[in-house]
Amino acid sequence: MSSVLRDGCRRGRIHKPASWKLAEGQSVSVDGICSTVVKHTQKYFEVEYIPETLSKTTAGSFAKGSIVNLERSLMLKDLVEGH
């Protein structure tokens, strides 16, 4: 993950899994942090965190080359299983 600071916000660029189709405005969990896609290409997507999120989560510690856990949001039609 790479990041740039702007107006106290931090933007991260994340390599997109090849099978993922994303759209701007879509939610993705990045290390358990609900993140909104603000830009995307075939190879990567970007999310942006506001100062409040940076102060309350680990997003402030993300650096270029960080390995993060990614999870897609469920859709209403998706089956939910587990404990």
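Scope of the values below: all heavy atoms of this structure, side chains included, with no hydrogens, waters or symmetry mates. None of these values were measured; they are calculated from a predicted model.
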Side-chain contact, heavy-atom cut-off 4.5 Å: Val28 with Leu22?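 Result yes, sub-4.5 Å side-chain heavy-atom pair found.
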Taking C-beta and beyond as the side chain, do Asn69 and Val30 meet within less than 4.5 Å on heavy atoms?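 No. Closest side-chain heavy atoms not under 4.5 Å.
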Is it true that a side-chain atom of Ser55 and a backbone atom of Thr53 form a donor plus acceptor pair closer than 3.5 Å?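 Flag not set: sc Ser55 to bb Thr53 has no pair under 3.5 Å.
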Donor-acceptor under 3.5 Å (Thr58 side chain, Ser61 main chain):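 No: the side chain of Thr58 does not pair with the backbone of Ser61.
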How close do [X] and [Y] get, counting heavy atoms only, and between which atoms?
{"X": "Pro17", "Y": "Leu70", "value": "CD-CD1, 4.0 Å"}
{"X": "Gln26", "Y": "Lys21", "value": "OE1-O, 3.8 Å"}
{"X": "Cys9", "Y": "Pro51", "value": "SG-CD, 4.0 Å"}
{"X": "Cys34", "Y": "Ser27", "value": "SG-OG, 4.1 Å"}

First locate atom CD of Glu71, then atom CG of Asp31, and finally report the distance between them rounded to the nearest 0.5 Å.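 Separation between the atoms: 9.5 Å.
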Between atom CG of Asp7 and atom CD1 of Ile50, what is the distance when rounded to the nearest 0.5 Å?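 Going from the CG atom of Asp7 to the CD1 atom of Ile50 covers 12.5 Å.
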Flag for Tyr49-Arg10: side-chain donor and acceptor within less than 3.5 Å: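 Side chains of Arg10 and Tyr49: no pair found under 3.5 Å.
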Checking side chain to side chain donor-acceptor pair (under 3.5 Å) between Glu46 and each of Arg11, His40, Lys16, Lys39, which is the one that passes?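 The passing option is Arg11.
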Candidate pair Val47 and Val38, rule side-chain contact (heavy atoms from CB on, under 4.5 Å), full reasoning: CA-CA 5 Å; Val47 295; Val38 294; 5.5 Å; no
Might you work through the side-chain contact (heavy atoms from CB on, under 4.5 Å) test for Phe62 and Val68, ending with a clear yes or no? CA-CA 9 Å; Phe62 295 161; Val68 294; 4.0 Å; yes
